[in-house]
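Presented below is the structure to which this report refers.
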Amino acid sequence: MLKKIPYPRLYPILKHLPHIDIKRPVGSTVDVAKNYYPIMQLIYPNGETMVVISSAKLATEVLDETRFTKSNNKALAMMRKYVLGDGLFTALTKEANWEKAHRILMPSFGKDAMKNFHPKMLEAASHLLAKWHNLPNEHYFNLTDDMTRLTFDTIGLCGYDFNFNSFSSNKPHPFINSLLFSLTEIMHSFFLPENIQKLRFIKQKRLTAEISKMNSLVDDIIKERRVHAKKYNDVDDLLNLMIHAKDPVTNETLDDLNIRYQILTFLIAGHETTSGLLSFAFYLLITNPDTLNIAYHEVDDILGIDTDRLPKFEELSKLKYIGRVLSESLRLYPPAPGFTVQAIQDTVIGSEYEIKVGTEILVLLPALHRDPAEWDNPEQFNPDNFLPEKEVTRNPYAYKPFGNGHRSCIGRAFALQEATLAMALILQRYKLSLKKDYQFSIQETLSIKPKNLEIKLTKRKQSD
Ligand code: MNH
């Protein structure tokens with residue numbers, strides 16, 4: 001028997017918009033979806049419909065790549081139009097440039113390639129450590145801002161051998177401000193009908209200006225590479241692949257415009273989410289002292305409380321508990337909180353809900369990752385959810401922080417290595433404490449991060 005996909009009360013003109021807080025679209029959608037588990041439908045003022053999935057059972061179906069494929073929802077389409085073009089993230093799967101760039105860039109993100117990134121990741125982290133070493137006592141600062149400095153500098157060094165020097169300034173790198181404005185503006189526009197959007201020409205004008213500022217950083221990166229071509233001949237970074245590598249199938253290199261899009265794609269995708277991951281993971285550790293203790297023990301065991309010793313690449317994979325902390329943090333607070341797919345042809349899911357070809361389907365990760373049918377105590381932070389024996393028995397579709405299948409995250413291993421390294425270096429050296437009256441809330445800018453996460457540090461001692 002087919003059922004209608006349920007939805008909340010519909011309003012004239014605004015349709016479902018009154019149910020959504022456009023400052024926190026994901027959080028408010030999760031709140032509504034709880035009342036409509038495992039599936040609901042939202043209609044936006046522009047008439048577009050979104051089917052929202054929050055159970056692993058239905059995710060298992062819509063993530064079957066023989067029936068469904070990644071779709072560029074309106075936010076991705078806007079990212080594509082204004083910023084990222086046919087770069088990997090916003091290219092359509094059927095486009096020749098997606099497959100081509102995927103083939104060219106994939107090898108540099110495999111397990112073997114990760115070792116090459118280790119020294120650069122250490123270099124970026126050493127700038128964070130140098131800054132923290134010199135902080136005054138009892139000084140509160142925004143942890144997320146420093147995590148963003150770290151991840152942004154890391155992708156600059158690993159990807160483009162380019163030092164953004166984010167830690168040398170009290171202000172965020174100008175690129176970060178431009179990106180923040182652009183993502184927020186694109187997120188807000190997502191909900192507005194096109195005729196209203198046109199009326200917001202001041203915002204639109206600023207969007208264009210911020211995007212050209214971001215593009216000028218891409219110009220700097222390309223210029224540096226061209227002017228000092230010789231110096232970079234033997235460098236093993238992403239940019240050299242983007243510029244020189246030939247696709248084994250077509251024997252072509254990437255074209256100049258596509259190279260620009262890839263540079264921006266990796267600049268953005270390569271730091272935003274990892275910064276969110278580290279921020280949430282530290283917040284969760286600080287507020288769950290038992291888990292923090294286990295993490296300290298592991299770091300002390302494997303690396304020692306020796307403030308000068310830097311982890312070797314081979315040691316990172318021994319930090320099993322930290323790995324589980326990161327996985328569990330990605331479960332509760334997936335920094336990229338959703339992604340969309342669409343049916344290849346008309347179909348039925350869960351044997352009861354009809355899905356028409358092309359219908360936008362949102363896999364709402366904070367809801368999926370707390371599916372009561374799959375997780376015991378879903379709201380509880382418990383790194384042991386990722387013990388190996390738990391992982392083998394769980395439905396793999398209950399946990400998708402890096403997306404799905406062919407179009408899943410190319411930077412997964414990179415992000416986890418970077419986050420493990422940063423967490424280990426920090427725990428080796430510091431105790432972290434939150435401001436007394438800290439009220440946890442989430443800031444949404446397409447991705448999610450903790451808001452105003454102010455912490456202070458105390459140096460650890462050998463005797464701790
Ligand atoms: Mn990443 C795709 C999450 C780190 C580069 N990434 C995706 C998708 C998710 C995602 C989800 C799929 C989106 C979709 O289906 O529309 N990414 C993350 C998370 C982290 C992350 C949670 C960190 C934690 N990503 C990184 C890093 C890089 C990167 C680091 C680069 C160095 N991600 C990408 C690219 C894609 C992507 C590129 C698009 C891949 C493709 O479609 O071929």
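Counting begins at 1 with the first residue of the sequence.
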Problem set entry | Arg24 bridged to Glu444 by N-O distance under 4.0 Å | no

For this session: Looking only at non-hydrogen atoms, find the nearest pair between Val30 and Pro366 and report the distance.
Result: CG2-CB, 3.9 Å

For this session: Would you check, one step at a time, whether the test ring-ring contact (aromatic ring centres under 6.0 Å, His included) holds for His16 with Tyr11?
Result: CA-CA 6 Å; His16 282 136; Tyr11 294 82; 8.2 Å; no

For this session: Run the numbers on Ser71 and Thr340 for side chain to side chain donor-acceptor pair (under 3.5 Å), then give the verdict.
Result: CA-CA 6 Å; Ser71 83; Thr340 53; 3.2 Å; yes

Exercise. Within a reach of under 6.0 Å around CG of Asn35, are more than 12 heavy atoms found that belong to other residues, nucleotides or ligands?
Worked result: yes

For this session: Report yes or no: does Ser178 contribute a side-chain atom to a donor-acceptor pair with the main-chain N or O of Pro174 at less than 3.5 Å?
Result: yes

Problem set entry | Verdict with supporting geometry, Glu328 and Arg324, salt bridge (charged side-chain N to carboxylate O under 4.0 Å, His left out) | CA-CA 6 Å; Glu328 176 69 348; Arg324 294 203 277 276; over 6 Å; no

Exercise. Is the NZ or CZ atom of Arg225 both under 6.0 Å from the centre of the six-membered ring of Tyr232 and within 45° of that ring's axis?
Worked result: yes

Seminar exercise, completed: For Ser108 and Leu238, the nearest pair of non-hydrogen atoms, with its separation, is OG-CD2, 3.5 Å

Problem set entry | Heavy atoms of other groups near Asn134 CG, more than 12 under 6.0 Å | yes

Exercise. In terms of the angle between their ring planes, are Phe190 and Tyr44 parallel, tilted or perpendicular, with boundaries placed at 30° and 60°?
Worked result: perpendicular

Exercise. Is there a donor-acceptor pair under 3.5 Å between the side chain of Asp247 and the backbone N or O of Glu252?
Worked result: no

For this session: Report the C-alpha distance between Lys120 and Asp236 in whole Å, list the side-chain angles of each, state the deciding distance to 0.1 Å, and finish with yes or no for salt bridge (charged side-chain N to carboxylate O under 4.0 Å, His left out).
Result: CA-CA 11 Å; Lys120 300 274 178 197; Asp236 217 353; over 6 Å; no

Exercise. Are Lys131 and Phe167 in a cation-pi setup, meaning NZ or CZ lies under 6.0 angstrom from the ring centre and within 45 degrees of the ring axis?
Worked result: no

For this session: Using the six-membered ring of Tyr397, assess whether NZ or CZ of Lys400 lies under 6.0 Å from its centre and within 45 degrees of the ring axis.
Result: yes

Problem set entry | Test: Arg80 and Glu95 ion pair at under 4.0 Å | yes

Problem set entry | Salt bridge present between Asp146 and Arg149 (N-O < 4.0 angstrom) | yes

Seminar exercise, completed: CD (Gln417) and NZ (Lys115) are apart, to the nearest 0.5 Å, by 10.5 Å

For this session: Can you spot which of Gln204, Glu210, Glu185 makes a side-chain contact (heavy atoms from CB on, under 4.5 Å) with Tyr82?
Result: Gln204

Problem set entry | Test: Arg460 cationic atom under 6.0 Å from Tyr430 six-membered ring centre, within 45° of axis | no

Exercise. How about Gln439: does its CD atom have over 12 heavy atoms from other parts shown lying under 6.0 Å from it?
Worked result: no

Exercise. Quick one: which of Tyr160, Phe175, Phe162, Phe266 gives a ring-ring contact (aromatic ring centres under 6.0 Å, His included) with Phe152?
Worked result: Phe175

For this session: Would you check if the distance from the ring center of Phe414 to the ring center of Phe117 is below 6.0 Å?
Result: yes

Problem set entry | Check ion pair Lys456-Glu138 (N to O, under 4.0 angstrom) | yes

Exercise. Quick one: does NZ or CZ of Arg370 land under 6.0 Å from the six-membered ring centre of Phe381, within 45 degrees of the ring axis?
Worked result: no

For this session: Please check if the side chain of Lys74 supplies one atom and the backbone of Glu48 the other of a donor-acceptor pair under 3.5 Å.
Result: no

Exercise. What distance separates Ser447 OG from Leu179 CG, expressed to the nearest 0.5 Å?
Worked result: 8.5 Å

Exercise. Salt bridge between Asp161 and Lys231, side-chain N to carboxylate O under 4.0 Å?
Worked result: no

Exercise. Do Arg429 and Trp132 meet the cation-pi criteria used here (NZ or CZ under 6.0 Å from the six-membered ring centre, within 45° of the axis)?
Worked result: no

Exercise. Does atom NE2 of His244 have more than 12 heavy-atom neighbours from other groups under 6.0 Å away?
Worked result: yes

Exercise. Between Tyr140 and Tyr438, does the ring centroid distance fall short of 6.0 Å?
Worked result: no

Problem set entry | Side-chain touch Thr359/Gln342, heavy atoms, less than 4.5 angstrom | no

